[in-house]
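Questions regarding the structure given below will be posed in turn.
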Amino acid sequence: MKKFKVTYHLTTGAEVVDHVEAEEKRSAILMFGHDENKFVESTDGKLHKFNLKHVVMVTVDPI
């Protein structure tokens, strides 16, 4: 498994960053369905909740 930084770009202009483990970049994006709620805790301890239907773009970078 490889580690990736996944950035969710929301319709509001906000960005939420998550760190995931996956086999490849493409599978890091496809880990969740389109209508699911996602919870992400940022490095500063804030918990973010959003619905994936509000995501307009996803960026994946290797860590």
Calculate, to the nearest 0.5 Å, the distance between atoms CZ and CG belonging to F50 and L10 respectively.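 Here the rounded value is 5.5 Å.
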Taking atom CE of M1 and atom CD of E24, what is their separation to the nearest 0.5 Å?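 Here the rounded value is 11.0 Å.
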Would you say P62 and K2 make side-chain contact, with heavy atoms under 4.5 Å?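 P62 does not reach K2 side chain to side chain.
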Going by distance alone, is a donor N or O of one side chain under 3.5 Å from an acceptor N or O of the other, for H9 and T59?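 Yes, side-chain donor-acceptor contact under 3.5 Å.
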Tracing side-chain links under 4.5 Å among I, L, V, M, F, W and Y, which residues wind up in one group with F39?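 L47, which link up through side-chain heavy atoms under 4.5 Å apart, make up the rest of the cluster.
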Looking only at heavy atoms, which two atoms of I63 and K5 are closest? And how far apart?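 Answer, listing the atom of I63 first, then K5: CG1-N, 3.6 Å.
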Check each of I29, V55, V17 against Y8 using the side chain to side chain contact (heavy atoms under 4.5 Å, CB included) test, and report the only one that passes.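 Considering I29, V55, V17, a side chain to side chain contact (heavy atoms under 4.5 Å, CB included) with Y8 is found only for V55.
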Any pair counted as salt bridge (Lys or Arg N to Asp or Glu O under 4.0 Å), so long as it reaches residues 47-63, sequence neighbours left out: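 Matches after skipping sequence neighbours: none remain.
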Please report the C-alpha distance between V6 and V58 in whole Å, then the side-chain angles of each, then the deciding distance to 0.1 Å, and finally whether the side chain to side chain contact (heavy atoms under 4.5 Å, CB included) criterion is met. CA-CA 7 Å; V6 180; V58 178; 3.5 Å; yes
Using 0.5 Å steps for rounding, measure from the CG atom of N51 to the NZ atom of K38.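 Here the rounded value is 12.5 Å.
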Could you check K3 against H19 for side chain to side chain contact (heavy atoms under 4.5 Å, CB included), going step by step and ending with a plain yes or no? CA-CA 7 Å; K3 294 184 180 186; H19 294 91; over 6 Å; no
F4: ring pair (Phe, Tyr, Trp, His ring centres under 6.0 Å) partners, not counting sequence neighbours: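 By the ring pair (Phe, Tyr, Trp, His ring centres under 6.0 Å) rule, F4 matches no residue at all.
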